[in-house]
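Each remark here refers to the structure printed beneath this line.
The sequence lines fix the lettering, A, B, ..., with proteins before strands; numbering per chain opens at 1.
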Amino acid sequence: MGSPRSTHSQHLLRNSADIRLVFKEGKRASCLLFTVLYRWNALGHTRVGVVVGKKLGGAVMRNRCKRRFRELAWLSLAAVPQGLDLLILPKRESMLQPAKDLRQSWQKILDERLPQRKDVP
RNA sequence: GAAGUCGGGUGGGUGGUCGCUGGUUCGCAAGAAUCAGAGGAAAGUCCGGACUCCUAGAGCAGGGUGCUGGGUAACGCCCAGGCGGAGCGAUCCGACACCGGCGCAACAGAAAGCACACCGCCGAUGGCCCGUGAGGGAUCAGGCAAGGUUGAAAAGGUGGGGUAAGAGCCCACCGCGGUCGUGGCGACACGGCUGGCCGGCAAGCGUCACUCGGAGCAAGACCAAAUAGGAGGGCGGAGGAGCGGGACACCGGUGCCGCUCCUCACGGUCGGCUCGGCCGUGGCCCUCGGGUAGGUCGCUUGAGGCCUGCAGCAAUGCAGGUCCCAGAGAAAUGACUACCACCGUUCUUCUGUGAAGAAGGGCGGAACAGAAUCCGGCUUACAGUCCGUCUUCCACA
RNA sequence: CGGGGCGUAGCGCAGACUGGUAGCGCACUGCGUUCGGGACGCAGGGGUCGGAGGUUCAAAUCCUCUCGCCCCGA
């Protein structure tokens with residue numbers, strides 16, 4: 001199996017079977033700019049993935065979108081309870097938004113809709 | 001100076017904070033240090049290769065290309081030249097071989113291929129009528145293809161002679177075909193002689209010349225879970241019947257082992273359900289090879305970049321020197337922020353009659369677009385901006 | 001990444017190989033029939049043939065480029 005090259009790649013959700021599992025069983029929290037799906041995994045550490053469809057633009061736009069959201073999740077990794085699979089689905093409106101609006105929305109979802117650290121099963 | 005033309009370049013910069021990927025070194029490890037990290041199109045996938053695997057050979061079929069010569073690993077690409085077309089010009093554009101064969105040309109038009117006669121012109125010649133006659137008239141036979149009409153296209157064009165009217169019927173020039181000569185490697189050009197001279201379409205079928213085996217890095221090689229299935233082996237197996245085996249001194253029965261059959265059980269199927277029919281399995285474990293998810297390799301040193309010289313009109317080639325320059329794997333090469341440049345707009349102040357210019361401030365914008373095995377091209381997209389070549393026009397000297 | 005296919009009326013499709021009239025079914029409009037509706041009968045409207053360029057006298061059709069959609073391959 002995939003031996004992790006660093007601690008960074010441990011926290012990436014990139015396996016297509018796992019992503020499909022989150023789509024199927026995950027819970028859903030959304031706002032105007034994006035949607036987050038989340039599901040408890042059995043690994044004990046958090047994994048984050050970003051899924052951007054072709055409708056949002058060309059390869060350049062899609063890559064930038066993924067980078068911005070991945071970094072957003074990265075900075076708040078310590079605040080998220082361990083053992084959660086997160087899947088971010090950006091919406092078209094988020095492409096043109098400035099970074100601070102994105103950060104506010106993300107923080108709001110994180111505080112109000114997602115499980116907190118004390119909820120770890 | 002304006003308008004244009006062709007060719008080439010660039011594709012914001014410098015800090016700060018937080019991060020990503022790979023190599024190297026150090027470290028038991030966690031990690032640390034250091035170096036490197038998207039494009040001219042990375043795109044579309046339209047061609048050509050390299051490289052892999054498959055394919056016994058050849059022919060046919062099928063595909064591609066299509067003026068000539070050169071360049072190249074190769075090309076449908078590039079360079080040079082010819083011819084035709086567009087433009088005052090610099091320049092630009094061109095699938096630009098062949099109509100012998102089979103086909104096609106709607107509608108219109110008289111006629112669209114062994115050309116034709118609607119309107120028209122003539123009616124010299126032979127008839128008819130008038131007239132003594134010279135002659136005149138209409139048009140029957142007949143002649144004509146100049147003019148009109150149609151069409152994308154009507155059997156060379158213009159002028160003259162000729163004629164009853166006409167016609168390459170004859171002549172001159174132009175065009176076309178044939179042939180000879182000269183120049184050129186050649187496409188072709190020029191000139192002489194000669195023939196009175198029946199088209200178009202091959203991005204229709206085809207012919208000719210050259211050329212092409214098929215698939216593609218998701219190629220291919222290796223390692224290899226779970227589940228199902230395959231082969232082999234071991235242990236086990238509910239009830240009954242038959243046959244065989246061997247031990248018990250011998251025979252028979254019971255029990256044991258093996259095989260076959262039936263019942264039974266389970267699963268599937270037909271069926272709304274039961275009964276019933278059909279099919280499959282008979283429980284567990286081990287080994288083997290194939291192989292999926294997943295992983296490793298392929299994976300970046302190459303028809304490579306830069307500089308200099310030589311050969312060539314050029315594309316390009318040769319020689320020498322020098323450099324190592326992304327290798328990810330749902331996919332790194334960034335995000336945020338400050339300042340400076342650039343553009344647009346607006347405000348204030350100053351100069352100025354005005355047009356406008358200078359300084360400072362605010363707001364907004366900044367293209368097309370992301371390597372995915374690697375090269376050579378083509379095509380398409382592209383805000384700005386810089387450099388050079390040539391052409392035309394205007395002004396001044 | 002590679003391979004293949006399709007864009008024609010509001011919808012589903014012919015026509016394309018062999019170039020000259022764009023057609024079929026449903027839907028729509030009007031009239032008839034019926035007391036009224038449906039069904040049926042008659043008549044009719046509706047098309048940049050995805051876009052641009054080229055070949056040709058003439059292009060939905062042939063050629064090139066381009067846009068969008070769909071399918072297949074580890």
>> Evaluate A/Trp40 against A/Asp85 for side-chain contact (heavy atoms from CB on, under 4.5 Å), listing each step before the verdict.
In response: CA-CA 6 Å; A/Trp40 295 104; A/Asp85 278 350; over 6 Å; no

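- A distance of about 30 Å separates the C1' atoms of B/U65 and B/G40, rounded to the whole Å.
- B/A332: no Watson-Crick or G-U partner with both key distances under 3.5 Å is found in any strand.
- With respect to A/Trp106, the side chain to side chain contact (heavy atoms under 4.5 Å, CB included) criterion is satisfied by exactly one of A/Asp101, A/Leu33, A/Asp111, A/Ile88: A/Ile88.
- Where RNA chain C pairs in unbroken runs of 3 or more (Watson-Crick or G-U, both distances under 3.5 Å), the stems are C:1-7 with C:67-73, C:10-13 with C:23-26, C:28-32 with C:40-44, C:50-54 with C:62-66.
- Syn is the glycosidic conformation of B/G113, whose angle stays within 90° of 0.
- B/A38 takes the syn form, because its glycosidic angle lies no more than 90° either side of 0.
- Within the shown strands, nothing qualifies as a pairing partner of B/G236 under the Watson-Crick or G-U definition with both distances less than 3.5 Å.
- Among B/A369, B/A335, B/A38, the nucleotide with an atom closest to any side-chain atom of A/Val60 is B/A369.
- Taking syn as a glycosidic angle within 90° of 0, B/G40 qualifies as syn.
- Of the nucleotides present, B/C201 is the one that pairs with B/G103 by Watson-Crick or G-U wobble criteria, both distances under 3.5 Å.
- Atom P of nucleotide B/C336 and atom CD of A/Gln104 are separated by 15 Å, given to the nearest angstrom.
- For the pair A/Arg70 CZ and B/U21 C1', the computed distance is 12 Å after rounding to whole Å.
- Annotated as syn: B/U300, whose glycosidic dihedral is within 90° of 0.
- Comparing B/G305 with B/U345, their P atoms are spaced 46 Å from each other, to the whole Å.
- Comparing A/Ala59 and A/Val50, the nucleotide of RNA chain B nearest to each residue sits closer to the 5' end for A/Val50.
- A pairwise comparison of heavy atoms in A/Val51 and A/Pro90 identifies O-CD, 3.3 Å as the closest pair.
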>> If you apply the rule side-chain contact (heavy atoms from CB on, under 4.5 Å), what do you find for A/Tyr38 with A/Leu114, and how did you get there?
In response: CA-CA 8 Å; A/Tyr38 58 97; A/Leu114 290 191; 3.3 Å; yes

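- Of the C1' atoms belonging to B/A359 and B/U391, the separation is 43 Å, rounded to the nearest Å.
- Put simply, NZ on A/Lys66 is 13 Å from P on B/G370, counting in whole angstrom units.
- When every heavy atom of A/Leu32 is checked against every heavy atom of A/Lys91, the shortest pair comes out as O-CD, 3.4 Å.
- Among the heavy atoms of the strands, none lies under 4.0 Å from A/Arg62.
- Counting to the nearest Å, the P atom of B/A331 and the CZ atom of A/Arg64 are 17 Å from each other.
- Mapping A/Met61 and A/Arg68 onto RNA chain B by nearest heavy atom places A/Arg68 at the nucleotide closer to the 5' end.
- Atoms CZ (A/Arg67) and P (B/A328) sit 16 Å apart, rounded to a whole Å.
- For B/G148 and B/C116, the C1' atoms lie 16 Å apart once the distance is rounded to whole Å.
- If you check every strand for non-hydrogen atoms under 4.0 Å, A/Leu75 touches sugar and phosphate atoms only.
- Distance A/Glu71 CD to B/C20 C1': 10 Å, rounded to the nearest Å.
- One interatomic measurement links the two molecules: CH2 of A/Trp74 to P of B/A332, which rounds to 14 Å at whole-angstrom precision.
- As rounded to the nearest Å, B/U380 and B/G84 have C1' atoms that lie 29 Å from one another.
- In this entry B/U380 has no Watson-Crick or G-U wobble partner, no candidate having both defining distances under 3.5 Å.
- Both A/Met61 and A/Val50 belong to a single network of hydrophobic side chains, linked directly or stepwise wherever heavy atoms of I, L, V, M, F, W or Y lie under 4.5 Å apart.
- Nucleotide B/A167: unpaired (no Watson-Crick or G-U wobble partner with both distances less than 3.5 Å).
- For B/C325, the base is syn relative to its sugar; the glycosidic angle is within 90° of 0.
- Base-pair partner of B/G48: B/C375 (Watson-Crick or G-U wobble, both distances under 3.5 Å).
- With P as the reference atom, B/G147 and B/G4 are 48 Å apart, rounded to whole Å.
- Look at the P atom in both B/G253 and B/G233: the space between them is 34 Å, to the nearest Å.
- In terms of heavy-atom proximity, A/Leu102 sits nearest to A/Leu72 at O-CD2, 3.9 Å.
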>> Determine whether A/Ser76 and A/Leu110 satisfy the following criterion, side-chain contact (heavy atoms from CB on, under 4.5 Å), listing intermediate values before the conclusion.
In response: CA-CA 9 Å; A/Ser76 51; A/Leu110 215 62; 3.7 Å; yes

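- At whole-Å resolution of the value, CG in A/Asn63 and P in B/A335 are 11 Å apart.
- The C1' atoms of B/A74 and C/U55 are separated by 30 Å, rounded to the nearest whole Å.
- Residue A/Arg113 comes nearest to A/Arg28 through the heavy atom pair NH2-O, 3.9 Å, listed as atom of the first residue, atom of the second, then distance.
- Base pairing of B/U353 is not made with any nucleotide, judged by Watson-Crick or G-U wobble geometry with both donor-acceptor distances under 3.5 Å.
- With a 3.5 Å ceiling on both atom-pair distances, the Watson-Crick or G-U wobble partner of B/C176 is B/G195.
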